[in-house]
Amino acid sequence: MEKQEIAEILEEIATLLEIQGENPFRIRAYRNGARALLNIDEDLETVIRKKALTEYEGIGEHLAQKITTLYQTGRLAEYEKLKRAVPKGVLDLMQVQGLGPKKVKVLYTKLKIRSLTDLKIAAEKGKIASLKGFGRKTEQNILRSLEHKASYQKRYLWWEAWQIAQPILQRLQKLKSVKHAEVCGSLRRKLETVGDLDFLIGSDDPKPVMKWFISQPEVAHVMGHGETRASIRLASGMQADLRIVPPQQFVYALVYFTGSKEHNIKIRTRSLKKGWSLSEYGFESVKKNGSPPKIADEEGLYRALGLSYIPPEMRENLGEIESAAKGTLPCLIEESDIRGTLHNHTTASDGRNTLKEMVQAADHLKWEYIGISDHSKSSFQANGLSAERLVKQIETIHQLNASKEFKAHIFAGLECDILADGSLDFTSKILEKLDFVIVSVHNALTQDEKTMTRRIIKALEHPQTTMLGHATGRLLLQRDPYRVNLTKVIDAAIANHKIIELNGNPLRMDMDWRFWHAAANKGLLCCINTDAHSTENLQFIRCGVNAARKGWLTKAQVINTLPLKKIAQLLKNR
Ligand code: DGT
Ligand code: CA
Ligand code: CA
Ligand code: ZN
């Protein structure tokens with residue numbers, strides 16, 4: 001178990017004790033211990049091996065034992081016991097702004113509140129205001145915080161949303177009365193997270209479409225429906241809207257419901273300057289005897305506005321309209337341009353498939369090459385490779401390449417930990433043996449921005465480094481990015497001729513697409529990776545390409561569009 005996780009458990013133990021009204025000294029000991037643990041800048045492995053934990057202020061003999069147990073086994077009997085004593089939902093109450101352990105204790109013991117739902121009901125009934133130490137204002141704040149939290153959690157990863165939307169869209173397309181069908185909104189714009197699904201249908205006969213939509217097996221609840229609109233909640237919890245329009249209106253509605261809202265507003269203003277109002281129903285002349293343009297498809301609509309076609313991914317009002325007016329929109333990379341990918345794990349570290357299975361999967365995808373980059377030794381929780389195991393893996397890869405058992409060429413790589421001080425997890429002598437080295441931050445995530453930025457730049461300056469992995473470490477909807485100055489990191493990557501990956505794992509999508517346009521213009525090269533931990537994960541290449549397109553990237557700016565010989569050359573030269 002990692003330092004960060006152990007500290008979180010100590011913190012949680014303190015909270016659980018506090019909710020149970022335990023001795024304040026004991027509680028404080030755990031809190032101090034958690035903080036002390038995070039402040040250790042030495043490698044925890046070493047400290048524990050030297051039995052030196054107690055040398056740090058705030059860590060006594062007792063705590064040192066508990067930390068060691070957690071580190072070695074990932075479990076702690078005392079913690080399990082505490083968790084059993086307090087209902088799980090009670091801890092969730094701590095996520096509500098303004099609620100600390102003391103208040104949670106009162107809510108739990110006095111009102112028997114055991115979950116966020118209980119809390120909401122009690123607050124709505126006004127039961128909380130009368131508790132000692134709470135009051136009307138606290139109650140209002142709790143309600144507001146609950147609402148805020150609900151709207152935050154209501155988003156879904158693009159990949160999840162797409163899995164849910166795809167079968168529904170296919171069924172809609174098969175209905176006899178359906179002429180056109182599309183999912184619009186953020187899903188079509190390939191945004192990394194999606195709030196709700198927006199289905200749009202072109203049909204002259206909406207009745208059977210509506211009937212199917214609100215009675216399909218996936219529906220959990222119909223929130224409302226008329227003849228041409230419906231809102232439903234699916235079994236997954238996701239909300240889906242449906243709009244049915246006459247086929248001749250479909251293209252206008254398609255542009256409108258694809259959005260984004262900001263993009264829509266901008267093109268509507270542009271249309272008005274030409275003398276037509278533009279809405280989801282069509283163009284309409286605002287002058288007495290002007291006639292609106294006739295169009296057949298989205299391209300025609302943009303052309304009528306004096307714009308070249310803007311792909312949905314770019315419709316974020318981030319300069320695409322100005323660029324389309326000048327005819328300078330880039331020709332975006334496509335999934336079919338991809339010839340392989342480099343960041344992939346195997347069972348040698350924390351992947352679920354063997355080296356051979358991964359290469360076979362690359363063959364199925366008709367890729368020319370695949371990189372293997374298992375974790376390095378400091379990522380012990382991910383079973384990182386020792387130097388010895390790494391050297392062995394390199395040999396196996398060389399043999400496999402020579403055997404021609406698979407079509408795809410295998411590049412021998414490594415996802416090498418960037419240690420807390422910016423040095424790499426292996427010596428140059430070992431790293432030299434590899435075809436490429438991805439450097440990533442996996443621990444000491446709480447460093448301040450300056451330290452973290454310096455740390456990453458130092459790793460980028462290492463002669464053996466090829467590229468930076470998941471630049472900010474964010475996990476979408478779960479964990480914030482670590483604090484880092486990306487502009488400085490990007491500049492350092494360019495100055496040192498290093499690549500930055502676009503990690504297409506749907507949870508990561510890191511480095512964020514919003515940075516790519518400017519970075520690539522400055523000369524930064526991208527590698528779209530899947531960070532696959534299984535053969536199925538190789539499909540994440542699609543998410544990576546989505547983000548690359550949102551970042552305005554072209555084929556030439558992404559190295560894994562290069563044919564084998566060229567990318568081999570490029571990796572060798574760096
Ligand atoms: P989401 O669902 O939060 O991930 O984001 P979207 O973009 O899918 O937004 P949604 O579902 O509220 O609306 C779908 C599209 O409909 C949106 O992208 C643009 C269009 N739209 C919605 N509200 C307005 C509006 O007030 N004005 C304009 N011009 N367009 C709107
Ligand atoms: Ca939506
Ligand atoms: Ca919607
Ligand atoms: Zn990683």
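If you're wondering where the values come from, they're calculated on a predicted model, not measured in any experiment. In listed order, ligands and their atoms are each counted from 1.
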Nearest to the Ca ion (ligand 3), which N, O or S atom of [X] do we find?
{"X": "Asp241", "result": "OD2"}
{"X": "Asp198", "result": "OD1"}
{"X": "Asp196", "result": "OD2"}

Practice item. Would you tell me which option among Gly195, Cys184, Ser186 has the nearest heavy-atom contact to atom 6 (P) of ligand 1? Key: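 Selected option, by shortest heavy-atom distance: Ser186.
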Point to revise | Test log, rule side-chain hydrogen bond (donor to acceptor under 3.5 Å, both in side chains), inputs Thr328 and Ser323 | key: CA-CA 5 Å; Thr328 57; Ser323 183; 2.9 Å; yes
Check your understanding: Arg189: heavy atom below 4.0 Å from ligand 1, yes or no?
Key ->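 Within the 4.0 Å threshold, so yes.
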Review point. Any N or O on Asp198 sitting closer than 3.5 Å to an N or O of ligand 1?
Key: yes
Check your understanding: Considering distance alone, does some N or O of Ser260 sit under 3.5 Å from an N or O of ligand 1?
Key ->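 Among all N and O atoms of Ser260, none is under 3.5 Å from an N or O of ligand 1.
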Check your understanding: When you look for heavy atoms under 4.0 Å from ligand 1, do you find them on the side chain of Thr258, its backbone, both, or neither?
Key ->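 Backbone only.
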Review point. Where on Asp196 is there a heavy atom closer than 4.0 Å to ligand 1, on the side chain, on the backbone, on both, or on neither?
Key: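 The part of Asp196 near ligand 1 is both the backbone and the side chain.
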Check your understanding: Distance below 4.0 Å between atom 26 (O) of ligand 1 and any protein heavy atom?
Key -> yes
Review point. If you measure from CG on Asp531 to CG on Asp510, what distance do you get to the nearest 0.5 Å?
Key: 10.0 Å
